[in-house]
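See below for the structure under consideration.
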Amino acid sequence: MKAVDMDEVSFSYDGNSVFRDVTIHIDEGDFVAVIGPNGSGKTTLIKIALGLLRPQAGGIRLFGTPIESFKSWELVGYIPQKGDFERNFPGSVDEVLALKGGAIDKKTLELLEIERLGKRRFSELSGGQQQKVLIALALSSKPKLLILDEPTVGVDVQALQNFYSILKKLNKERGVTILLVTHEVGMIQSYVKSVLCVSREFSCQGKPENLEDILKEAYGKSFDIHHHKH
Amino acid sequence: MVGSILGYEFMQRALVGGALVALTCASLGVFLVLKRLSLLGDGLAHVALAGVAVGLLTGIDTVLSSLVLTVLGALGVNETIKRTKVYGETATAIVLSVGLGLAVLLIGIAKGFNADLLSYLFGSILALNTSDLTIMAIVLAISLVSLAIFYRKLVLMSFNEDIALTSGIDAQFIDKIFIIVVAMAVVVGMRAVGILLVSALLVMPASAAFQLAGSFKKTILYSILISLACVEGGIISAFYLNLPPSGAIVMLLFAAFVLSALWRKISSKKADRAVSMTRA
């Protein structure tokens, strides 16, 4: 079954077309990096897939169910962009982790290396720690699909590699389908299974091995990709 | 000292009413501040003024008329935020202006109730009657039940609305319930400290509690405790110093905010120093 199906989706905002007839299919178990130039509509695409924005045309299905009637939200874990969170949120990490009403097993906390942070105030954690707490929150409903929108902005290289390793483990060992919006093209080749490139008028999907070609198609020029070791 | 205060029935009612309003406003205020709707109380209070004017003009009970108009104003803010590209603060400012404009119009049409209006502008906690206390108790019960039912969902919505929506939460419905409860709190708060100062009861205890607490539940608890202390302290000090109670309450709330902000600053400096000493 496909985790995400978007068929001929068109979306415009204030009369400006963001997408036209975009078709995207994400298989269950895939680990997909969503890349594209700034303003290409990556976040919009994610929000449409989740039903947070309604397209003018086209159909969206999550796990085979049309988004309009989709009710199994425990199957989905979503982590929006960092700036979208309440900066002064006074809750502790334990309180944040309980927000979706699910329970998080000790193993997950250890995998994310946040087992000792429970009593700390969420707003006082480092960017990397906050992202790990958010992943744990997203995982608390035992989702089959994890969607992350630029989760590593402001995270240092070491934490970045650790973060990608965790995502890879979740995908490989727990079979979680991952859809990751990112600008870190140097990282994704080593971790993801496929790359989805979106740009206003088109989308293209391919294997990370063909990243150079995908980037050329999206940005209209060649890139020298610096690979991170892991 | 307190014994002599309690010898007066009007003071007993003021202390009970103050506690009821403090509990209601302080618990709701935490969510209001986090939702960046701190001025909503102020905006709705001005709509409540128009409601009072309608009541005085038509002979309808002023609590009822202000309750109806304030709830409508609250729903207006909610719909404006959801359906237009206007920010919450702008929607609040619009509703505030409309409420005040309507009130001025009605006051102009029906001359002669300026003296009555003054008690609504600055509160009349010393003049509360049993029916006021009953309404305050009902509004407190409604607030606490709503918060108990929707607590986790409200906290998640305050944290991030998109996560709430993609967790299957009907955020629009909960927002409506919340804003209606806030409107009710504004109307009963208006009786205590007046239209001009009611937003202080919603915003200041929560803002002080944010400085002190390390968890969400403690934030609500501290907000309630600070509010109770300041409201009761304000009423008692007003009695002995012959001051207007609403002004005394707000000044105490301000002092609580300043002290808690200072405490936060000092404790975070201490923590920073401890970290740098550990590194050295």
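Naming convention: chains lettered A, B, ... in sequence-line order (proteins, then strands); numbering from 1 in each chain. Since the structure is predicted, the reported quantities are computational estimates derived from the model, not experimental observations.
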B/F216 and A/F89 aromatic ring geometry - parallel, tilted or perpendicular at 30°/60° bounds: tilted

Distance, nearest 0.5 Å, that separates CG of B/L165 from CG of A/L50: 10.0 Å

Part of A/L137 lying under 4.5 Å from any heavy atom of chain B: side chain

Region of A/F70 in contact with chain B, defined by heavy-atom distances below 4.5 Å: neither

Most chain A-contacting option - heavy-atom pairs closer than 4.5 Å, from B/A213, B/A209, B/G214: B/G214

Proximity breakdown for A/A98 and chain B, heavy-atom pairs closer than 4.5 Å: backbone

Part of A/V93 within contact of chain B (heavy atom distance under 4.5 Å): neither

Leading residue by heavy atom contact count with chain B [cutoff under 4.5 Å; candidates A/L99, A/V76, A/L134]: A/L99

Between chain B and chain A: donor-acceptor pairs at under 3.5 Å:
unit_1 : atom_1 : unit_2 : atom_2 : d
B/R36  : NE     : A/E86  : OE1    : 3.3
B/R36  : NH2    : A/E86  : OE1    : 3.1
B/R36  : NH2    : A/E86  : OE2    : 3.2
B/K85  : NZ     : A/D14  : OD1    : 2.4
B/K85  : NZ     : A/D14  : OD2    : 2.6
B/R152 : NH1    : A/L99  : O      : 2.6
B/F159 : O      : A/E86  : N      : 3.4
B/N160 : ND2    : A/D84  : O      : 3.2
B/D162 : OD2    : A/K47  : NZ     : 3.2
B/F210 : O      : A/R121 : NH1    : 3.0
B/F210 : O      : A/R121 : NH2    : 3.3
B/A213 : O      : A/R121 : NH1    : 2.5
B/F216 : N      : A/E95  : OE1    : 2.5
B/F216 : N      : A/E95  : OE2    : 3.2
B/K217 : N      : A/E95  : OE2    : 3.0
B/R264 : NH2    : A/E124 : OE2    : 3.1

